[in-house]
Number of protein chains: 4
Amino acid sequence: MRFFSDNTAPICPEVFEALSAANHGLERAYGDDPWTERLSDVLGEFFGRKLKAYAVATGTAANALSLAVLCPPYGAIFAHEEGHIVRDECGAPEHATGGARVVPLAGAHGKLTSPILEAALDDSPVSVHTFQPAAVSITQATELGTSYRPHELAALAEAAHRRGLKVHLDGARFANALVFLGCHPADITWRAGVDVLSFGATKNGALAAEAVVFFEPAQAADFELRRKRAGHLLSKSRFVSAQLNAYVETGAWRRNAERANTFAQRIGHAAGNRLLEPVEANEVFLRLGAEGKARLRERGFAFYDWGAVAHGEARFVVSWNQPESDVSALCDALAGSSAS
Amino acid sequence: MRFFSDNTAPICPEVFEALSAANHGLERAYGDDPWTERLSDVLGEFFGRKLKAYAVATGTAANALSLAVLCPPYGAIFAHEEGHIVRDECGAPEHATGGARVVPLAGAHGKLTSPILEAALDDSPVSVHTFQPAAVSITQATELGTSYRPHELAALAEAAHRRGLKVHLDGARFANALVFLGCHPADITWRAGVDVLSFGATKNGALAAEAVVFFEPAQAADFELRRKRAGHLLSKSRFVSAQLNAYVETGAWRRNAERANTFAQRIGHAAGNRLLEPVEANEVFLRLGAEGKARLRERGFAFYDWGAVAHGEARFVVSWNQPESDVSALCDALAGSSAS
Amino acid sequence: MRFFSDNTAPICPEVFEALSAANHGLERAYGDDPWTERLSDVLGEFFGRKLKAYAVATGTAANALSLAVLCPPYGAIFAHEEGHIVRDECGAPEHATGGARVVPLAGAHGKLTSPILEAALDDSPVSVHTFQPAAVSITQATELGTSYRPHELAALAEAAHRRGLKVHLDGARFANALVFLGCHPADITWRAGVDVLSFGATKNGALAAEAVVFFEPAQAADFELRRKRAGHLLSKSRFVSAQLNAYVETGAWRRNAERANTFAQRIGHAAGNRLLEPVEANEVFLRLGAEGKARLRERGFAFYDWGAVAHGEARFVVSWNQPESDVSALCDALAGSSAS
Amino acid sequence: MRFFSDNTAPICPEVFEALSAANHGLERAYGDDPWTERLSDVLGEFFGRKLKAYAVATGTAANALSLAVLCPPYGAIFAHEEGHIVRDECGAPEHATGGARVVPLAGAHGKLTSPILEAALDDSPVSVHTFQPAAVSITQATELGTSYRPHELAALAEAAHRRGLKVHLDGARFANALVFLGCHPADITWRAGVDVLSFGATKNGALAAEAVVFFEPAQAADFELRRKRAGHLLSKSRFVSAQLNAYVETGAWRRNAERANTFAQRIGHAAGNRLLEPVEANEVFLRLGAEGKARLRERGFAFYDWGAVAHGEARFVVSWNQPESDVSALCDALAGSSAS
């Protein structure tokens, strides 16, 4: 019973069907195909505005290439210290930007706030000797399984823009946040001030498909050149665009996220006061102690330690296709151990 | 009737079936899955030696990341002036290496030879003021649709090694060359002195799958870190490894390449003295003149100009699934126009 | 009366005389001159061991190029959060390394300790997804005007080496620390485990001259190529090497540092409990409040705020040629204001 | 008798005097000093227009940082195949730009022409797969000791601008060309369409001082940040600015260049038909054969082979302070050997 990550999941039927449907005939390569030509419209419809979307195969690429457009080599990118770009990309943003700096900031529940951002900016006066603040990059849902409310995003983005920074949103689990919040996609993106979004589909049902969405098409600037140069322009682009189109248009994004979120809620309830963070997506963080973790592992549950092993914390991620029996078993185990 | 590129082709049945077969259950991400764990063995069996293979999604990534391992930022990479890394990657090797230089060299039939390489080295004495020669990168089959014979490769690699350079082979159309030559894969790779191979499967039937093959595993060095940092480590790695394993193990590589090569031969014969280069893979280069090109396009044939339009040259690439009727029609058209 | 920085100072007589003495005849360029050929020996004599030294014109270049040799693009460099490489180089280490990360750590008195370093390492388990810890870079004297004792350096370097990190020392004010400590140069460099030193002479009397010192010559590796590539190999190298040789051999380093340190001590004593950090070099940090700073500025003292203006802190740096009258006046002003 | 390079020369009296005159008092660092504040005006007066000038210590830095402002990482820089940026900077432009490509072009007498540039552009159609042409960089005087006439520069710059490229001029020996041509500095820079100039003073009499001159101040863009990040902002900037100001204002640039040019002419005449290129600055290229070179070396003349040793070609560079007796002796030797 694996709760390692939603990256462990397979391809959902809607997306697989789309791959199959696209698999015939000789189509122009490198994005001059009908699926890719529709991509910006499909996402524009979803987000309720004209935009420019580009497909890539990984979330790390989506983040790094987005940031390379927003931030010069001597720019600073502010991010939460738990952010994927801070901890989990082996320096992809640094590589893509040509050596920009990612500045980690602390914040409760995996979130940045406008006071946190402004304090960081105030503490480091800018001169020719310093990095130049260029962007803030936040994550929705966050790495702690929480979700920014629209007004939280809007306040942060307002402060960022006022201080001359662009706003990037890492949406590796965007659908999970969206389903949790129950709002319109626009409310947590462009209407709240997000400039560029890494719109993730891989975790929530695709094979390998992420869209970089520029809500202001002119800001896309040299994205296509940077993508090509990074080896991220797929020759048979139809197959990545087809995944994204199907993911959005069939509603798979919603069904998959709803299922995973619901299961995560059940686990959160079962965990009671061992819960470390509110469950606002498909991840559950628990304080279990060494013994508690060992007991669960003995019973066949697979999951990652969170932070240093010694802290006794653990992360459980529910995948879109997680067997319900896994979840029930985990809830039972948690309930039982709490009773003991 | 599209002869633009083999990138226009769909996924072949054997590879598609492998994707389907891999599509169940929760598997560890980022390469800790059974398909990826088999990859080096599958390719090792194919090449007849212990090796280390890594999957990526594009040929540009395969080339650039290979070269980043072989060449420091102040290193020079020698390549044929028609090479993909010279003309078609928007600087991917420069980006991946941190600013190495790709030095273009001329050579008949798209090939480098040891005298060409040695003359280039001799002409530019090395000092602290110059780039340091680090690697030679060649292409098999070449960008002109020709194939290096084993002894040609061996002579070039011998010279390269003697002069302290590593040898990289861009094998975007490796299967086509291999089928044409009818030799063992080892004969045109490690046995001939190739250090690292970009083993392409995408053009010849995969969705998006290329393997970087280090024939001397120790030379792989920091490849995994560079791949991750470039955003080229796929979270659901099983699906790219499954493509590669199936491509090799089912023999799809051979069947697809044989079919495309055979058709290319037919086109070459029909073209007669308009043929610019010997047909030794699945590409055909013709001197048609402006009028000849226009006539074919009017009759529904789609293909790219080769070089400056004014030269009147054209490239026809046969895909693994090219309808035989396309080929027959093209041969007829060429025969007819030659008669006129 | 300027206490902005020791960068405001002119060239000391010994160094200027050396420039004059070197200024005749046609000498080989780019370091094949007698002055440069002596440089490693001169510094070897000073440090008491065979070493390899390279001249550059700025401290930022010395730091960045040193670190580029020690740290790959996917490497992490740990440094104090007040470090010059963290705050004042506009990303020079990131640029020189090709995108490594500088990780800022907190520590009392501007110093790192082995527990601080080890906690940082323990908190961030290393994998293919993370930066790879590569080096620790510390500053002597520190940016807070304090000096590491030999045993402090040795403990930190021991931990660094044990964990696989190299040790770089930013010695922009090395002479000031050395004079304060009264030890042998070896005691705070190679004997304590320092691998590479940025040996600064500019602040303490040179025009523009810093030496990068590799105590283990083999570690210098590709330094010369990186220096050239960064535009830091001076054509008329004799003039930068002559500065360094004179700075060391005439004892100017000691006389200049002793004078500045002594004056800094006087100011520190006059400041009494407004002193923020022990005075262990030629810098004095004071808590003056907005009013106290304004009063001093009205009386003609020029100095920088330290940190956010609102904190009311200030930094005074004593230059090698600081007029004694400046120092006396400042001491009087501090004594007077304390009495009020 | 050394004719290796003008880099072998010492500092001329006017510049040395300026260093001495600047050497007193505490001055603001990093360019906030009176000498640096005058620099743009001094050069503006020289060139006859408002401009923005920045001082750096090496010609390689001047070239690389100029190009980094003009050219994105995915940009192409066209240059003569003998150019310093092509052959002698160990990839400094590639490093500074983040991986742009320097494209070498052939051209008689070390010069590019507009047809050469346009042919190169026409031969390589631009797409998302290719480098994007961004700049042309030429050298005045050229690496073959010739000088572009104003109309040659204007024609080349016109073509470059029409095709969307910026024009950079490497003026390491700018004064020598200017004196040879006898025109106004504007005629071979901004009036001819040059956007950015590396204005060299080092070879012709300075210690280490080059100015990067942006004739359109707005084009300077982020130059200051890139300079700092590259470690090329000198803390004691007054000393590099003072060199440049004196070099220009005292007329040392003219006197030194006139003397060297005149001597070069004498050598050229003495060489007769062994002369490879017209002498239009302070360099002389001769076809001497192995024996001819050996004979001169036996007689005490030191100089570099030009190109592969086997070609029997040699380069003689006259320094600003070259003893007249060296020149006379060389002329005699050449005359004598020609007679034999």
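Here the structure is a predicted model, which is why all the values come from computation and not from measurement.
For A:Val317 against A:Ser5, the heavy-atom pair with the smallest separation is CB-CA, 3.7 Å. Across all non-hydrogen atoms, the minimal contact from B:Ala257 to B:Asn204 is N-OD1, 3.5 Å. Heavy atoms only, all atoms of each residue included: A:Thr97 and A:Ala100 are closest at OG1-N, 3.0 Å. What you find for B:Ser66 and B:Val212 is that their closest heavy atoms are OG-CG1, 3.4 Å.
B:Phe303 pairs in a ring pair (Phe, Tyr, Trp, His ring centres under 6.0 Å) with only one of the listed residues (B:Phe4, B:Phe3, B:Phe316), which is B:Phe316.
Your options are A:Thr58, A:Leu233, A:Val240, A:Leu19, and the one with the most heavy-atom pairs under 4.5 Å with chain B is A:Thr58. Chain A forms the most heavy-atom pairs under 4.5 Å with one residue out of B:Ile11, B:Asp33, B:Thr60, and that residue is B:Ile11. For chain A, the option among B:Ala62, B:Pro323, B:Gly25, B:Ala61 with the highest count of heavy-atom pairs below 4.5 Å is B:Gly25. When the candidates A:Leu207, A:Leu225, A:Leu234 are compared by the number of heavy-atom contacts under 4.5 Å with chain B, A:Leu207 comes out ahead. Counting heavy-atom pairs closer than 4.5 Å to chain B, the top-ranked of the candidates A:Lys228, A:Met1, A:His232 is A:His232. Listed options A:Ser319, A:Ser20, A:Ala57, A:Ala64 were ranked by heavy-atom pairs under 4.5 angstrom with chain B; first place goes to A:Ser20.
Side-chain polar atoms of B:Asn282 and B:Asn261 form no donor-acceptor pair below 3.5 angstrom. Between the side chains of A:Asn63 and A:Ser198, at least one donor-acceptor pair of N or O atoms lies under 3.5 Å.
Proximity to chain A (any heavy atom under 4.5 Å) is restricted, for B:Asp88, to the backbone atoms N, CA, C and O. If you measure heavy-atom distances from B:Thr202 to chain A, the contacts under 4.5 Å come from both the backbone and the side chain. Proximity to chain B is limited to the backbone of A:Asp6, based on heavy atoms less than 4.5 angstrom apart. Heavy atoms of A:Leu65 lying under 4.5 Å from chain B are absent altogether. Looking at B:Arg226, neither its backbone nor its side chain comes within 4.5 Å of chain A, counting heavy atoms on both sides. There is no contact between A:Ala302 and chain B, counting heavy-atom distances below 4.5 Å. With a threshold of 4.5 angstrom between heavy atoms, B:Ala9 approaches chain A through its backbone and through its side chain. Contacts between A:His95 and chain B at a heavy-atom distance below 4.5 Å involve backbone atoms as well as side-chain atoms. For chain A, no part of B:Ser237 is nearby; none of its heavy atoms comes within less than 4.5 Å.
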Subject >> Derivation and outcome, side chain to side chain contact (heavy atoms under 4.5 Å, CB included), residues A:Glu283 and A:Arg315 >> reply: CA-CA 7 Å; A:Glu283 298 187 287; A:Arg315 185 187 79 162; 3.3 Å; yes
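Here side-chain hydrogen bond (donor to acceptor under 3.5 Å, both in side chains) pairs that include residues 320-330 of chain A, with residues two or more places apart or in two chains, are A:Arg266-A:Glu324, A:Arg266-A:Ser328, A:Gln322-A:Asp326.
B:Thr262 is linked by a side-chain contact (heavy atoms from CB on, under 4.5 Å) to nothing, counting only residues two or more places apart in sequence or in another chain.
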